[in-house]
Number of protein chains: 2
Amino acid sequence: MARVGIREVATLAEVSMGTVSHYINHPARVSPEKRERIQRAIEQLGFVRNNAAYQLRLGRSAAIAYIAPDVSNPFFATIAEGVEQQAAAAGLSVFIANSNRSRQREDAYLEMFEAHRVQGMLVASHDPIEERLESIRQRGTPIVLVGQRGASPDQPSVSIDDVRGGYLAAKHLIEHGRKRIAFVGGPLGIRQVADRLEGASNAIREADDVTLEVLNVPDRTIVDGRDIARVIARRSPETRPDAIFAVNDLLALGILQTLVNEQSIEVPREIALVGYDDIEFGEASIIPLTSVRAPHEEFGIAAVELLINELAETPAAGSKQVVFEPILVVRESSGGTIGAPRA
Amino acid sequence: MARVGIREVATLAEVSMGTVSHYINHPARVSPEKRERIQRAIEQLGFVRNNAAYQLRLGRSAAIAYIAPDVSNPFFATIAEGVEQQAAAAGLSVFIANSNRSRQREDAYLEMFEAHRVQGMLVASHDPIEERLESIRQRGTPIVLVGQRGASPDQPSVSIDDVRGGYLAAKHLIEHGRKRIAFVGGPLGIRQVADRLEGASNAIREADDVTLEVLNVPDRTIVDGRDIARVIARRSPETRPDAIFAVNDLLALGILQTLVNEQSIEVPREIALVGYDDIEFGEASIIPLTSVRAPHEEFGIAAVELLINELAETPAAGSKQVVFEPILVVRESSGGTIGAPRA
DNA sequence: CCCGCAGTTTGATACGTTTCAGTACCGGCA
DNA sequence: TGCCGGTACTGAAACGTATCAAACTGCGGG
């Protein structure tokens with residue numbers, strides 16, 4: 001398969017390479033007659049512009065990257081959708097990469113996208129990542145942090161107030177008379193996890209008589225939820241928690257499923273359950289799931305807007321950090337009122 | 001920010017460009033002393049290799065692309081995970097793109113990835129797409145079709161036997177005594193949808209006394225499911241279907257949720273429900289969902305393997321089309337035995 | 001009749017990298 | 001001493017494109 005470039009097209013159409021290039025990028029500058037000849041040559045040869053050369057010449061690409069820790073978590077998938085949509089409107093393409101919760105793969109993608117000279121990146125990560133991003137930013141690739149607030153005010157970010165979210169969840173459980181609350185979450189090294197726990201602790205501290213226990217899970221997936229639920233079920237009813245606050249909905253759903261279907265523990269009577277993120281599937285789960293909600297769709301949109309602003313010659317002033325207020329969506333799993341309408 | 005390339009590094013380290021390049025690609029060929037100097041220069045200048053130039057020179061990239069119609073459908077997300085994992089093992093990076101069920105965006109991404117000279121593409125699409133892919137393949141970018149079987153035997157593909165899957169689903173409902181089955185699915189122009197319907201029709205034809213009705217939805221999302229469920233609920237109990245076969249789990253979950261929570265229709269007593277894909281959330285839904293399952297994880301893995309084989313100098317002989325056998329996973333929503341174990 | 005101008009077209013150059021064909025040096029062997 | 005083989009390094013060419021300055025075309029006005 002002979003490589004076909006602009007040169008071959010030019011030869012076949014009997015014009016110069018420059019004219020072909022003009023035809024591709026500024027068709028108006030080329031006479032109708034040659035336009036026709038060039039178009040025919042392109043089709044005949046099956047010419048496709050070589051992006052590498054294009055980018056090399058231009059020095060930039062028309063794409064942005066979105067690095068997610070776990071695409072199969074609908075929370076990140078929904079964000080991806082907002083990103084995609086908003087970026088398309090701005091004429092940008094989006095490369096999505098899945099780091100699979102692996103720091104190593106995350107680094108690899110960061111490096112790769114920087115080498116690709118993407119216009120900018122949106123990074124959702126569990127790790128404290130800001131330091132690593134700093135050097136990339138300094139070299140000229142703007143980055144918006146997604147899901148965790150930038151520590152430095154210069155670091156743009158889109159996040160939710162997780163301390164507040166954790167507070168709302170625990171407060172709600174306490175108000176319904178729960179006394180032994182378990183916080184099921186991942187490594188406390190993860191900022192989001194630590195913040196949600198902090199919020200929950202604050203709520204506990206305001207109450208009398210309520211204890212908070214922390215149960216660790218490694219990956220915060222459905223499978224992790226199932227596993228920890230079995231551990232909990234093994235304990236005697238008196239020592240078991242009477243409420244669980246799971247650090248995300250995946251965990252909560254895994255817990256719910258195992259508790260109800262496998263362990264025959266009643267939710268919310270025996271154990272009340274609150275999740276986090278309010279993914280779409282929570283509403284349709286065995287027992288509709290109470291959850292802390294942030295506006296996912298807007299998450300992606302806001303992130304892209306922040307990035308585009310950063311890309312502008314003269315970034316608009318104002319805070320670069322968007323923080324959404326979490327809302328508690330009460331459903332059956334926590335023993336609250338049933339069927340609260342969805343936004 | 002001064003652009004920093006291999007040349008600047010070479011100058012600072014007082015070696016030639018060639019040596020720097022060697023250092024990056026074949027460190028062994030460079031003496032320890034210069035290695036040290038070059039490394040220091042790279043760090044000092046913050047050099048990052050320009051992928052455009054790299055690729056231009058090499059003529060290829062080390063990435064493959066996966067185009068999905070809907071990332072927020074866990075079915076495609078799970079595939080993405082398998083793809084990512086298998087590709088990483090082969091030293092390839094994966095660009096995921098979300099076409100958002102839009103043919104236009106799909107085309108845009110196809111074109112863009114071809115221009116990017118990715119090694120190959122995995123394309124999951126709802127449209128009959130093979131013809132468009134043909135020209136791309138002829139120009140040298142191999143493509144593996146995901147989720148729909150290639151019509152031409154030359155077109156590699158990974159799919160499930162959807163006719164069989166549809167048959168299994170309908171047969172199951174018939175065996176449980178259902179008489180008025182509704183097929184809820186998208187445009188019949190979509191191959192997967194048409195095949196599943198065909199399978200269902202076959203099962204109906206074998207039975208006496210059973211009717212099949214087709215209810216159309218545009219997008220096959222949870223929201224579509226909710227909408228169609230309201231339409232169904234509006235009909236009198238006698239004219240309503242007593243069983244629904246939804247063309248995917250998203251639809252099924254939307255239907256389930258609305259039927260049970262909002263319309264107070266009992267599932268499976270009044271209406272039995274079977275979905276398709278067996279996404280993880282089906283097991284944890286209000287009423288655990290009976291579904292037709294294909295091994296998702298292996299889907300992505302098989303696709304990458306097929307692609308890698310295609311990439312090889314001498315592709316191994318044998319069929320290029322992997323077809324998985326669907327399995328019916330029976331849970332409560334269809335009135336079958338409860339709690340069938342998960343593979 | 002010539003000049004200037006707008007509209008087209010051309011040819012050359014640069015983008016940043018890898019690689020190929022050498023050059024320089026060194027130690028060992030005939 | 002002269003030659004060989006190997007290692008470490010260098011310089012230049014090439015990858016495919018966009019763009020800039022220059023050249024060529026008609027054409028209308030002075």
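Order of the sequence lines sets the chain letters (A, B, ...), proteins ahead of strands, with each chain counted from 1.
Nearest nucleotide to the side chain of Arg49(B), out of dC9(D), dA18(D), dT17(C): dT17(C). Distance from the side chain of Arg57(A) is smallest for dT13(C) among the nucleotides dT13(C), dC9(D), dG11(C). The nucleotide whose nearest atom lies closest to any side-chain atom of Met17(A) is, among dT10(D), dA18(D), dG16(C), dA18(D). Here the side chain of Ser16(A) is nearest to one of dT17(D), dT17(C), dT10(C), namely dT10(C). With distances taken from any side-chain atom of His22(B) to the nucleotides dA18(D), dT10(D), dC15(C), the minimum falls on dT10(D).
Arg149(A) and Gln321(A) are linked by a side-chain donor-acceptor pair at a separation below 3.5 angstrom, with hydrogens and angles left out of the test.
As judged by a 4.0 angstrom heavy-atom cut-off over every strand, Gly18(A) is placed among the base-contacting residues. Counting non-hydrogen atoms under 4.0 angstrom, Ile24(B) reaches nothing in the nucleic acid. Nucleic acid contact class of Phe47(A) (heavy atoms, under 4.0 Å, all strands): sugar-phosphate only.
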Note to self: Evaluate Thr78(B) against Glu297(B) for side chain to side chain donor-acceptor pair (under 3.5 Å), listing each step before the verdict.
What the structure shows: CA-CA 6 Å; Thr78(B) 311; Glu297(B) 301 80 9; over 6 Å; no
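The side chain of Lys34(A) contributes an N or O atom lying less than 4.0 Å from OP1 or OP2 of dT9(C). Applying the 4.0 Å criterion to OP1 and OP2 of dC9(D), one finds that Ser31(B) has a side-chain N or O inside that range.
Summarising the geometry, the separation between CZ on Arg29(B) and P on dT10(D) is reported as 15 Å, rounded to the nearest angstrom.
Classification of Arg132(A) and Glu106(A) as a salt-bridged pair holds, one side-chain N sitting under 4.0 Å from a carboxylate O.
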